[in-house]
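To keep things clear, I will list the structure first and then write my remarks on it.
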Amino acid sequence: MHLVLFDIDGTLVESYDFDTECFQAAIQDVLGVTIGPDWGHYHHVTDSGILAEVIDGLGFQPDSERITAEVKERFLSRVADYISCHAVSPIPGAQAFLSQLIERKNVAVAFATGGWSESAKMKLDAAGLTFSSVPLASSSDHYSRTEIMRLAERRAGKSPYDSMTYFGDGPWDQRASEALGYNFVSVGDRIASPKSVRDFTDVDMALGYIGL
């Protein structure tokens with residue numbers, strides 16, 4: 001049995017840029033501060049992890065629960081507004097590749113995203129990647145990407161696995177995969193890795209990286 005996990009923003013959905021902008025704007029709306037788009041200096045590159053670090057840095061920790069709820073509400077509203085006015089595209093080949101994996105008896109598939117679950121589902125649905133049978137673990141579950149991936153692994157529910165592969169597009173995806181001993185495949189051109197695909201149109205290459 002092979003486990004295959006997927007990040008969402010920039011990996012399955014062309015949403016990395018607008019998601020980043022909506023997140024920055026939501027923090028500006030609630031806290032009145034501007035944060036840059038470079039997530040690399042945050043310890044946990046997830047929605048809840050970044051926000052917790054921003055709140056802590058501003059000394060607002062005692063009020064973190066209220067602030068988090070308000071930022072999340074504003075963020076989800078901004079994402080919904082964007083989706084209502086713009087087409088959201090899947091990464092080329094994602095629909096067919098996911099469908100093929102799900103049909104295989106020797107593959108378990110799950111989503112493991114650093115975004116909150118509500119926004120993740122909105123973006124997947126908007127991109128036409130509605131796979132209700134695929135379990136999802138997200139920043140709504142934990143602030144740590146490695147813990148999110150572990151939870152997705154458990155939710156896939158078919159262990160033990162002969163191999164575990166994570167498709168992602170950020171350096172934090174690569175680091176988390178290395179920490180967990182996962183096989184990592186980068187998607188797109190944002191980072192370089194020994195195993196990489198431009199998108200999912202070359203199915204044989206992607207399957208080969210999984211070991212199928």
Between Tyr161 and Glu153, does a side chain to side chain donor-acceptor pair (under 3.5 Å) hold up when you go through it step by step?
CA-CA 10 Å; Tyr161 299 107; Glu153 177 185 334; over 6 Å; no
Salt-bridged, [X] to [Y], with N to O below 4.0 Å?
X	Y	value
Glu178	Arg175	no
Lys72	Asp47	no
Arg155	Asp141	yes

Taking CG in Asp189 as the centre, count heavy atoms belonging to other residues, nucleotides or ligands within less than 6.0 Å. Is the count above 12?
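Not buried by this count: 12 neighbours or fewer within 6.0 Å.
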Mark yes when over 12 heavy atoms from residues, nucleotides or ligands other than Arg198 sit less than 6.0 Å from its CZ; otherwise mark no.
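No, because the 6.0 Å sphere around CZ of Arg198 holds 12 heavy atoms or fewer from other groups.
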Do [X] and [Y] make a side-chain contact, defined as non-hydrogen atoms from C-beta onward lying under 4.5 Å apart?
X	Y	value
Ile35	Phe23	yes
Tyr182	Leu5	yes
Leu101	Ile210	yes
Arg78	Asp29	yes
Thr130	Leu124	no

Once the angle between the rings of [X] and [Y] is folded into 0 to 90°, is it parallel (under 30°), tilted (30 to 60°) or perpendicular (over 60°)?
X	Y	value
Phe18	Tyr82	parallel
Trp39	Tyr42	tilted
Phe6	Phe200	perpendicular

Derivation and outcome, salt bridge (charged side-chain N to carboxylate O under 4.0 Å, His left out), residues Glu147 and Arg150:
CA-CA 5 Å; Glu147 291 303 317; Arg150 285 193 181 103; 2.5 Å; yes
Test side chain to side chain contact (heavy atoms under 4.5 Å, CB included) on Ser140 and Trp116; report intermediate values, then the result.
CA-CA 5 Å; Ser140 299; Trp116 283 306; 3.5 Å; yes
Donor-acceptor contact present, side-chain Thr20 to main-chain Tyr16, <3.5 Å
yes
I want to check a possible cation-pi pair here: Arg145 against Tyr166, using under 6.0 Å from ring centre and within 45° of the ring axis as the test.
no
